[in-house]
> 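The structure is given below, and queries will be raised subsequently.
Just follow the structure's listing: the first ligand is 1, and inside any ligand the first atom is 1.
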Amino acid sequence: MSIDTAIEQGSLLYSPIMIGGVEIKNRLAVAPMVTVFCDDQGMPTERFIRYHEEKAKGGWGLIVIEDYAVDPAGRGFWTAGLWDDSQIEPHRELVERIHAHGAKVLAQIYHCGRQTAAALIGSQPVSASGIPDPASGEVPRPLEIPEIEHIIEQFGQTAARAKKAGFDGVEIHGAHGYLISQFMSYHANRRADQFGGSFENRMRFALAIVRSIRDACGEDFCVTFRISADEHVSDGRGLTETLEIARLLEAAGVDALHVSAGTYGSTWSIIPPLNVRQGWITDHAAAVKAVVGIPVMTVGRINDPAMAEAILEAGQADMVAMGRQSLADPETPNKYAQGHRDRIRFCIACQQGCLGELFQNKPIRCMVNPRLGFEYLDEMAPASRPTTIAVVGGGPAGLEAARVAAERGHTVHLYEKAHYLGGELLTGAMPPNKGEFTSYLSWAARMAEQAGVRVHLGTEFTVEICKQLQPDRVILASGAVAATPDIPGLDLPHVVTATDLLMGRATVGTRVVVAGGGMIGSETASWVGSLPGRDVTIVEMLPQVAAEEDVTRRMFLMRMLAEQGVKLLTSTTITRITTDGVEVRDAAGKNTTLPADSVVLALGTTPVRTLLGELDGVVPVTVVGDANEARNAVLAVREGFLAGCEV
Ligand SMILES: Cc1cc2nc3c(=O)[nH]c(=O)nc-3n(C[C@H](O)[C@H](O)[C@H](O)COP(=O)(O)OP(=O)(O)OC[C@H]3O[C@@H](n4cnc5c(N)ncnc54)[C@H](O)[C@@H]3O)c2cc1C
Ligand SMILES: Cc1cc2nc3c(=O)[nH]c(=O)nc-3n(C[C@H](O)[C@H](O)[C@H](O)COP(=O)(O)O)c2cc1C
Ligand code: SF4
């Protein structure tokens, strides 16, 4: 089905909509997302422009671009900026290149208030009141009235710059606990003047900003407002007040509402991880839609255009915004419209590439889309000379390398010694709530097959096979296996690896000690803890378990472990495993024996690369993924992609 056909067939998803005076060609919007692709002065780079251009080409009707700070001190990350006239011209090119593909574009404008760090902005953060930021604990300085008036004016001036740069409109960022929502919520606002206290006073700042933008840009400039329907924090705002606010904003002349959730006190609800169900706050958008006449946009774990279509058909919202799905697959709208839903690469809400990098103020990445942020490098050119490639290993690195090499025109053979594809990432999909990981692995296997990769399952690649095939290059994606440090008793029969247990090749008794509390150990413990009648203890050398897990996933994991009664022994070392127990030593040097009838090994992993030596002098070899160094799937997929591009 072509896009035209989808439109002709009356698909609501692909029908146009008016927001203010702006006609948008379909109902699919890219939610605003800070990328850290601009330079440290908030100027767009070629990397930033190509990233957005790719989405415009991919068929999104509307792109809402990340937090444009109205003042450099209003930045929470290295965001884009329109706080100065010098930033207008560079942004004109961005807008023109997006418009060239038929998408409309809004600049989201914001001031982060207390949700930043003095180290980043070079001064004490400001807010409505001096209440510490719930995430960093930094104490802000309450704004004086003239400063508040100045910021209101800055919003108007920033919107005027956006208009001059050619943006179709602006989205006021009144959500996620930033300055506007700090004023709106008792959670952050304890002022006793005209900007605090009563509902009317708490709304004064937001409404003055709408007026300031209208004064600066005119009544027909498109202005939308993003709001957290529920802040999900104690003493925060909830849906009831949001409905009142929605009515006020409509009366104040806002053209559309974008209904999100959360503050930094509830980051999990701003960017919900895989523990949260898909489309989880669309009922809030529906509630808002019921009290206003302007268009309402929903967002939040909506990845599938089929789900978006159902939301529209049910009348719950007028537009659907997708954030991470647009990172995972910028071509989502076109693929669906053309009848290729099976080709869409879905976001798995892992949080690792996007949120994980952003929270370190680093350019975002995506686990499943290794091109994200590198679009401008045009890495995937057709092969100049088709060759034969052998890929060893059908985990994420091998699958990606094989697909890319085959799509570029090479003849590719993929060898996997197991009888299934997916490698250790399939194991990683087994713990509670991680099932969505399999959607990526299914996509990778399907796309490899469609690209013509010849898959040899149940076949261990050896030097003999290599000599028969005579490939021009081997891509070694053989992964890693459980590390076996020098601990007496590790070879006893009741000691099993996390992988064998999760893949059903081993079982555990009633009293289970998980040796190692990194991500693999902690997630495996939560799997064991979900079995009936198990008594589970994690023993971890570090002071924290699951330390490498992102904050949002970790919060759910820790809650689950607590509910399951899993005991955490941190800063504790295993000294010996016996037939019925595990001997441990704590930080104070005290020795104890934990009774155990099973021990699960999760003490790190060791790369599998014996073939590297064996193939020396036989064929050139590129090593990728955990076979290089045991890390994670974000890097494994990126390295697989690059290897596929470079052959
Ligand atoms: C429980 C668990 C949870 C995890 N959770 C996450 C997570 O949430 N996020 C994350 O980023 N990472 C996670 N990981 C780690 C992640 O799975 C790995 O980093 C990733 O799979 C590495 O990919 P790879 O392709 O390099 O290697 P692997 O996935 O290990 O694949 C290597 C493949 O090569 C095959 N192979 C080896 N030698 C040969 C040979 N000679 N011939 C043929 N085949 C061979 C193996 O059978 C295997 O299938 C988790 C791991 C586990 C065990
Ligand atoms: C990397 C990243 C950056 C984000 N930056 C912003 C932002 O600048 N402004 C904003 O309102 N929301 C931001 N968000 C939240 C998204 O707009 C969106 O509401 C959230 O990711 C949930 O939608 P999704 O499940 O479709 O991703 C960001 C999300 C991510 C993953
Ligand atoms: S890194 Fe993970 S959560 Fe982020 S967009 Fe990619 S798949 Fe989704």
Side-chain angles (χ1 to χ4, degrees), residues 30-36 64-67 76-77 79 108 110 171 173 175-176 178 226 258 260-261 270-274 276 278 299-303 321-328 345-358 364-369 372 392-400 415-418 420-431 434 437 440 456 459-462 465 476-482 497-499 502 519-521 523-524 527 549 553 602 605 607-608 610-611 624-628 630-637 639-640:
V30 173
M33 281 173 294
V34 174
T35 54
V36 196
V64 186
I65 298 194
E66 69 184 62
D67 296 335
F77 309 95
T79 61
Q108 186 187 55
Y110 101 130
E171 176 171 275
H173 198 345
H176 303 169
Y178 292 118
R226 198 170 212 210
H258 188 171
S260 184
I270 301 177
I271 307 172
L274 33 66
V276 176
Q278 298 196 352
V299 71
R301 293 272 280 131
I302 304 166
N303 301 332
M322 300 185 186
R324 289 164 293 173
Q325 180 54 32
S326 74
L327 307 180
R345 185 175 42 207
F346 289 111
C347 164
I348 55 174
C350 69
Q351 313 287 65
Q352 293 180 227
C354 53
L355 193 60
E357 298 297 314
L358 178 67
I364 61 169
R365 287 169 168 260
C366 175
M367 179 191 288
V368 302
N369 176 10
L372 179 83
V392 182
L399 281 168
E400 182 68 0
Y415 297 85
E416 170 52 60
K417 67 181 179 189
Y420 51 83
L421 292 170
E424 281 299 84
L425 203 59
L426 186 63
T427 317
M430 298 301 158
K434 290 191 72 192
F437 271 61
Y440 169 62
H456 307 269
T459 310
E460 178 159 357
F461 189 79
T462 57
I465 293 181
L476 189 60
S478 45
V481 290
T497 65
T499 296
L502 291 168
M519 176 180 67
I520 293 179
E523 289 186 353
T524 306
W527 183 87
E549 197 122 1
R553 267 172 64 179
T605 52
V608 174
T610 40
L611 272 172
V624 293
D626 276 7
N628 247 328
R631 288 150 300 162
N632 59 46
V634 179
L635 296 171
V637 174
E639 285 176 12

> What do we get for Asp67 next to ligand 2 when only non-hydrogen atoms under 4.0 Å count, side chain, backbone, both or neither?
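It is both backbone and side chain that touch ligand 2.
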
> Could you find the nearest protein heavy atom to atom 21 (O) of ligand 1 and give me its residue, atom name and distance?
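The answer is Leu425 N, 3.3 Å.
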
> Checking a contact table here: which protein heavy atom is nearest atom 33 (C) of ligand 1, and how many Å away?
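It is Glu416 OE1, 3.6 Å.
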
> Please check if the side chain of Gln325 supplies one atom and the backbone of Cys347 the other of a donor-acceptor pair under 3.5 Å.
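Answer holds: yes.
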
> For atom 12 (N) of ligand 1, what is the closest protein heavy atom, and at what distance to 0.1 Å?
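Protein heavy atom with the smallest distance to atom 12 (N) of ligand 1: Ala633 N, 3.6 Å.
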
> As an exercise, identify every atom of ligand 2 less than 4.0 angstrom from a heavy atom of Gly300.
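Ligand 2 atoms under the 4.0 Å threshold to Gly300: 23 (O), 25 (O).
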
> Hey, does Lys434 come in under 3.5 Å of ligand 1, counting only N/O atoms on both sides?
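Such a contact does occur with ligand 1.
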
> Check each heavy atom of Ala636 against ligand 1 and say whether those closer than 4.0 Å belong to the side chain, the backbone, both or neither.
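Under 4.0 Å from ligand 1, Ala636 contributes side-chain atoms alone.
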
> Under a 4.0 angstrom heavy-atom cut-off, which atoms of ligand 3 come close to Gly353?
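Selected atoms, number and element: 1 (S).
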
> Considering only the protein, which heavy-atom contact is closest to atom 28 (P) of ligand 1, and what is its distance?
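Protein heavy atom with the smallest distance to atom 28 (P) of ligand 1: Glu424 N, 3.6 Å.
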
> Taking the inter-plane angle between the rings of Tyr415 and His456 on a 0 to 90° scale, is it parallel (under 30°), tilted (30 to 60°) or perpendicular (over 60°)?
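Parallel.
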
> Just checking: Cys366, one of its N/O/S atoms, less than 2.8 Å away from atom 4 (Fe) of ligand 3, yes or no?
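Looking at Cys366, which is the residue asked about, there is no N, O or S atom under 2.8 Å from atom 4 (Fe) of ligand 3.
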
> Classify the contact between Leu358 and ligand 2 as side chain, backbone, both or neither, using a heavy-atom distance cut-off of under 4.0 Å.
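The answer is the side chain.
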
> Is it true that a side-chain atom of Arg301 and a backbone atom of Val276 form a donor plus acceptor pair closer than 3.5 Å?
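Such a contact is found between Arg301 side chain and Val276 backbone.
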
> Considering only the protein, which heavy-atom contact is closest to atom 4 (Fe) of ligand 3, and what is its distance?
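It is Cys354 SG, 2.4 Å.
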
> Please identify which atoms of ligand 2 are closer than 4.0 Å to at least one heavy atom of Ile270.
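Atoms satisfying the 4.0 Å criterion: 20 (C), 22 (C).
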
> Which atoms of ligand 2 sit under 4.0 Å from any heavy atom of Val299?
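Counting from 1, the qualifying ligand atoms are 19 (O), 23 (O).
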
> Which heavy atom in Ala498 sits nearest to a heavy atom in Thr524, and how many Å separate them?
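Smallest interatomic distance, heavy atoms only, reads CB-OG1, 3.6 Å.
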
> Please tell me if the side chains of Ile348 and Leu274 come closer than 4.5 Å, counting only heavy atoms from C-beta onward.
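No, too far: nothing below the 4.5 Å cut-off.
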
> Within ligand 1, which atoms have a heavy atom of Leu611 less than 4.0 Å away?
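Selected atoms, number and element: 41 (N).
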
> Look at atom 43 (C) of ligand 1 and say which protein heavy atom is nearest, naming residue and atom and giving the distance to 0.1 Å.
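Its nearest protein heavy-atom neighbour is Lys417 N, 3.2 Å.
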
> So, does Ser478 use its side chain to make a donor-acceptor pair with the main chain of Val608 at under 3.5 Å?
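Checked: pair present.
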
> Suppose I only count heavy atoms of Leu502 and a 4.0 Å limit; which atoms of ligand 1 are within that range?
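With Leu502 as reference, the close atoms of ligand 1 come out as 1 (C).
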
> Looking at Gln351, which atoms of ligand 3 are within less than 4.0 Å of one of its heavy atoms?
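It comes down to these atoms of ligand 3: 2 (Fe), 3 (S).
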
> To the nearest 0.1 Å, how far is atom 8 (Fe) of ligand 3 from its closest protein heavy atom, and which atom is that?
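Sorting protein heavy atoms by distance from atom 8 (Fe) of ligand 3 puts Cys347 SG, 2.4 Å first.
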
> Among Leu421, Val392, Leu476, which residue places a heavy atom closest to atom 39 (C) of ligand 1?
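Among Leu421, Val392, Leu476, the closest heavy atom to atom 39 (C) of ligand 1 belongs to Val392.
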
> In terms of atom number and element, which parts of ligand 1 are under 4.0 angstrom from non-hydrogen atoms of Phe461?
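Matching atoms, with element in brackets: 40 (C), 41 (N), 42 (N), 43 (C).
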
> Any nitrogen or oxygen of Ala31, main chain or side chain, under 3.5 Å from a nitrogen or oxygen of ligand 2?
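No, since none of the N or O atoms of Ala31 sits under 3.5 Å from an N or O of ligand 2.
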
> Heavy atoms only: give me the nearest Arg365-Leu372 pair and the separation to one decimal.
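For Arg365 and Leu372, the tightest heavy-atom pair comes out as C-CD2, 3.4 Å.
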
> Which atom pair, heavy atoms only, marks the closest approach of Pro607 to Asp626?
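In this case the closest contact between Pro607 and Asp626 is CB-O, 3.4 Å.
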
> If you count the atoms of ligand 3 from 1 in the order shown, which ones are under 4.0 Å from a heavy atom of Ala349?
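Result: 3 (S), 8 (Fe).
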
> So which atom in Val637 and which in Glu400 form the shortest heavy-atom distance, rounded to 0.1 Å?
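Heavy atoms of Val637 and Glu400 come nearest at O-CG, 3.5 Å.
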
> So which heavy atom in the protein is nearest atom 2 (Fe) of ligand 3, and how far is it from that ligand atom?
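Looking only at protein heavy atoms, the one closest to atom 2 (Fe) of ligand 3 is Cys350 SG, 2.4 Å.
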
> Closest non-hydrogen protein atom to atom 18 (C) of ligand 1, residue and atom name please, with distance?
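Of every protein heavy atom, Asp626 OD2, 3.2 Å lies nearest to atom 18 (C) of ligand 1.
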
> When you look for heavy atoms under 4.0 Å from ligand 1, do you find them on the side chain of Glu549, its backbone, both, or neither?
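Glu549 to ligand 1: no contact under 4.0 Å from either part.
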
> How far apart are the closest heavy atoms of Ala261 and His176, and which atoms are they?
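Closest approach of Ala261 to His176, heavy atoms only: O-CD2, 3.2 Å.
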
> Numbering the atoms of ligand 1 from 1, which are under 4.0 Å from a heavy atom of Gly625?
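With Gly625 as reference, the close atoms of ligand 1 come out as 26 (O).
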
> In terms of atom number and element, which parts of ligand 3 are under 4.0 angstrom from non-hydrogen atoms of Met367?
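Selected atoms, number and element: 1 (S), 6 (Fe).
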
> Does ligand 1 have any atom sitting under 4.0 Å from a heavy atom of Glu639?
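Contact check Glu639 vs ligand 1: negative.
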
> Short list, please: which atoms of ligand 1 are under 4.0 Å from a heavy atom of Gln352?
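This gives 7 (C), 8 (O), 9 (N), 10 (C), 11 (O) as the contact atoms.
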
> Just which atoms of ligand 1 are under 4.0 Å from any heavy atom in Ile520?
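It comes down to these atoms of ligand 1: 1 (C), 2 (C), 51 (C), 52 (C), 53 (C).
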
> Is the closest side-chain donor-acceptor distance between Glu416 and Thr459 under 3.5 Å?
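No pair is found: no donor N or O on one side chain lies under 3.5 Å from an acceptor on the other.
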
> Would you mind listing which atoms of ligand 2 come within a distance below 4.0 Å of any non-hydrogen atom of Met322?
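Under 4.0 Å from Met322, ligand 2 has these atoms: 26 (O).
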
> May I ask you to check if ligand 1 and Ala397 share an N or O to N or O distance below 3.5 Å?
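Checking ligand 1 against Ala397, an N or O pair does fall under 3.5 Å apart.
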
> Can you tell if the side chain of Phe346 reaches within under 4.5 Å of the side chain of Val368, non-hydrogen atoms only?
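No, side chains not in contact.
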
> In ligand 1, which numbered atoms sit nearer than 4.0 Å to a non-hydrogen atom of Ala480?
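Once the distances to Ala480 are compared, the set is 30 (O).
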
> Closest heavy-atom contact between Met33 and Ser326?
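That closest heavy-atom pairing would be CE-OG, 3.4 Å.
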
> Identify the closest protein heavy atom to atom 32 (C) of ligand 1: which residue and atom is it, and at what distance?
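Heavy-atom neighbour on the protein nearest atom 32 (C) of ligand 1: Ala477 O, 3.3 Å.
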
> Using distance alone, decide if ligand 2 has a nitrogen or oxygen within less than 3.5 Å of any nitrogen or oxygen in Gln325.
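No; every N/O pair is 3.5 Å or more apart.
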
> Regarding atom 18 (C) of ligand 2: of the candidates Arg324, Gln108, His176, Arg226, which has the closest heavy atom?
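The option holding the nearest heavy atom is Arg226.
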
> Look at the side chain of Arg324 and the backbone N and O of Ala349, then say whether any donor-acceptor pair between them is shorter than 3.5 Å.
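Such a contact is absent between Arg324 side chain and Ala349 backbone.
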
> For ligand 1, does Thr459 get within less than 4.0 Å through its side chain, its backbone, both, or neither, judged by non-hydrogen atoms?
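Contact part for Thr459 vs ligand 1: backbone (N, CA, C, O).
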
> Less than 4.5 Å apart, side chain to side chain, heavy atoms only: is that true for Val299 and Arg226?
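The answer is yes, as the side chains (C-beta and beyond) meet within the 4.5 Å cut-off.
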
> Give me the residue, atom name and distance of the protein heavy atom closest to atom 2 (C) of ligand 1.
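Sorting protein heavy atoms by distance from atom 2 (C) of ligand 1 puts Gly428 CA, 3.5 Å first.
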
> How does Met430 reach ligand 1, if at all, at less than 4.0 Å between non-hydrogen atoms: by side chain, backbone, both, or neither?
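It is neither; nothing of Met430 touches ligand 1.
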
> Does some side-chain heavy atom of Gln352 sit less than 4.5 Å from a side-chain heavy atom of Cys366?
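Contact flag for Cys366/Gln352 side chains = no.
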
> Please could you name the atoms of ligand 3 that Ile348 approaches to less than 4.0 Å, counting only its heavy atoms?
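Near Ile348, meaning under 4.0 Å from one of its heavy atoms, ligand 3 has 7 (S), 8 (Fe).
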
> Between ligand 1 and Cys350, can you find any atom pair, the residue atom being a heavy atom, that is separated by under 4.0 Å?
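Contact absent.
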
> Identify, by atom number and element, the atoms of ligand 1 in contact range of Tyr415, meaning under 4.0 Å from any of its heavy atoms.
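Those qualifying, in numeric order: 43 (C), 44 (N).
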
> For atom 15 (C) of ligand 2, which candidate among Pro32, Ala349, Gly323 provides the closest heavy atom?
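Answer by nearest heavy atom: Pro32.
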
> Return a yes/no value: protein heavy atom under 4.0 Å from atom 37 (C) of ligand 1?
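Under the 4.0 Å cut-off, atom 37 (C) of ligand 1 does have protein heavy-atom neighbours.
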
